[in-house]
Amino acid sequence: EKKIVNFPVSKIWGVGKVTQERMHKHGIFTFGDMQKRSKLDLVNMFGDFGATMYLFCRGQDEREVVTSGQRKSLSVENTFGQDLDSHYEILTALEDTYTEMKVRLENHANKLIKNIFVKIKYNDFSTTTIESPLPVEFSEYKQLFLERFEPGRKVRLLGTGVKFYGGNTCENQLDFFL
């Protein structure tokens with residue numbers, strides 16, 4: 001397992017070939033080498049960027065994280081402390097998982113849903129999933145589950161989720177969940 005002191009200076013954001021060569025001339029090859037230098041030393045060697053590198057080599061980065069990607073899916077999984085084996089327990093847990101998904105989807109009401117999926121993990125850790133165009137009611141969702149469920153097997157985990165269309169929005173699509 002590598003520690004930050006062993007990382008090469010090329011891993012520092014903004015360090016290109018020219019800066020790396022200058023660092024090597026000063027005997028700085030790793031974050032650890034850089035950590036042995038004072039902030040003033042680094043500023044004298046590399047200007048204002050030296051102060052930034054002083055922080056970066058210590059794992060400190062105050063820049064705001066900007067994400068450009070859109071959420072492509074949303075899911076809920078429930079792992080049970082004890083494997084479920086009765087039909088009633090499994091269907092109750094399925095309904096609870098579905099209900100939790102409805103609540104989480106309220107924060108994504110502007111997204112257009114493409115598919116819904118169900119995931120079942122049995123007590124032997126084998127997993128199966130099934131995906132379908134969106135069921136409108138719980139009864140349809142339950143039917144989707146029953147298509148894949150193997151009666152008599154103990155269930156360790158149940159999950160459900162949706163996949164969104166990229167970039168599309170739809171104002172009232174989630175009404176069917178409410």
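Shown here are the salt bridge (Lys or Arg N to Asp or Glu O under 4.0 Å) partners of E131, two or more places apart in sequence or in another chain: K163.
V15 and I4 fall within a single hydrophobic cluster, where Ile, Leu, Val, Met, Phe, Trp and Tyr side chains are chained together by heavy-atom contacts under 4.5 Å. Both F31 and F49 are assigned to one and the same hydrophobic cluster, defined by single-linkage of ILVMFWY side chains at heavy-atom distances under 4.5 Å.
T52 contributes atom OG1, which lies 10.5 Å from atom CG of L42 (distance to the nearest 0.5 angstrom). Distance check, rounded to the nearest 0.5 Å: CG of L94 to CD of E89 gives 13.5 Å. Atoms NZ and OG1, from K3 and T30 in turn, are 14.0 Å apart once rounded to the nearest 0.5 Å. Interatomic distance, S132 OG to I116 CD1, rounded to the nearest 0.5 Å: 8.5 Å. With rounding to the nearest 0.5 Å, the separation of CZ in F80 from CG in N123 is 12.5 Å. Rounding to the nearest 0.5 Å places SG of C57 at 15.5 Å from NZ of K11.
Residues I90 and F145 form a side-chain contact, since some pair of their non-hydrogen atoms from C-beta on lies under 4.5 Å apart. Put simply, the side chain of V155 reaches to within 4.5 Å of the side chain of I120, judged on heavy atoms. Using a 4.5 Å heavy-atom cutoff, the side chains of E77 and L158 are not in contact. Two residues are said to be in side-chain contact when any heavy atoms from C-beta on lie closer than 4.5 Å; F7 and I12 fail this criterion. Using a 4.5 Å heavy-atom cutoff, the side chains of R58 and M34 are not in contact. The closest side-chain heavy-atom distance from K154 to L84 is not below 4.5 Å.
For D124 and R153, the salt-bridge test passes: some basic side-chain N is under 4.0 Å from an acidic carboxylate O.
Aromatic ring pairs are classed by plane angle as parallel below 30°, tilted from 30° to 60° and perpendicular above 60°; the pair H26 and F46 is perpendicular. Using bins of under 30°, 30° to 60° and over 60° for the plane-to-plane angle, the ring pair F56/W13 lands in the perpendicular bin.
Judged by the 6.0 Å and 45° rule, R156 forms no cation-pi pair with Y122.
The two residues T97 and V76 come nearest to each other via the heavy atoms CG2-O, 3.9 Å. When all heavy atoms of H24 and F29 are compared, the closest pair comes out as CD2-CD2, 3.2 Å. Minimum interatomic distance between I28 and V9 (heavy atoms only, all atoms of both residues): CG2-CG1, 3.8 Å. In terms of heavy-atom proximity, H87 sits nearest to F149 at ND1-CE2, 4.4 Å. Nearest heavy-atom pair, T160 versus M101, reported as atom, atom and distance to 0.1 Å: CG2-CB, 3.7 Å. Closest of all the heavy-atom pairs between H108 and F164 is CB-CZ, 4.1 Å.
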### Task
Kindly determine whether R37 and M45 satisfy side-chain contact (heavy atoms from CB on, under 4.5 Å), including the steps that lead there.
CA-CA 11 Å; R37 305 294 179 114; M45 287 185 251; 3.2 Å; yes

### Message
Using the rule given for side-chain contact (heavy atoms from CB on, under 4.5 Å), can you reason through V118 versus R148, listing the C-alpha separation, both sets of side-chain angles and the distance that settles it, and then say yes or no?
### Response
CA-CA 9 Å; V118 178; R148 190 53 59 105; over 6 Å; no

### Query
Between I130 and L144, is a side-chain contact (heavy atoms from CB on, under 4.5 Å) present by the stated rule, with each step listed?
CA-CA 7 Å; I130 186 168; L144 179 66; 3.8 Å; yes

### Message
The test is side-chain contact (heavy atoms from CB on, under 4.5 Å); show your working for F117 and T129 and say whether it passes.
### Response
CA-CA 7 Å; F117 58 89; T129 59; 5.5 Å; no

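With a 6.0 Å radius and a threshold of 12 heavy atoms from other residues, nucleotides or ligands, Q60 has its CD atom above the threshold.
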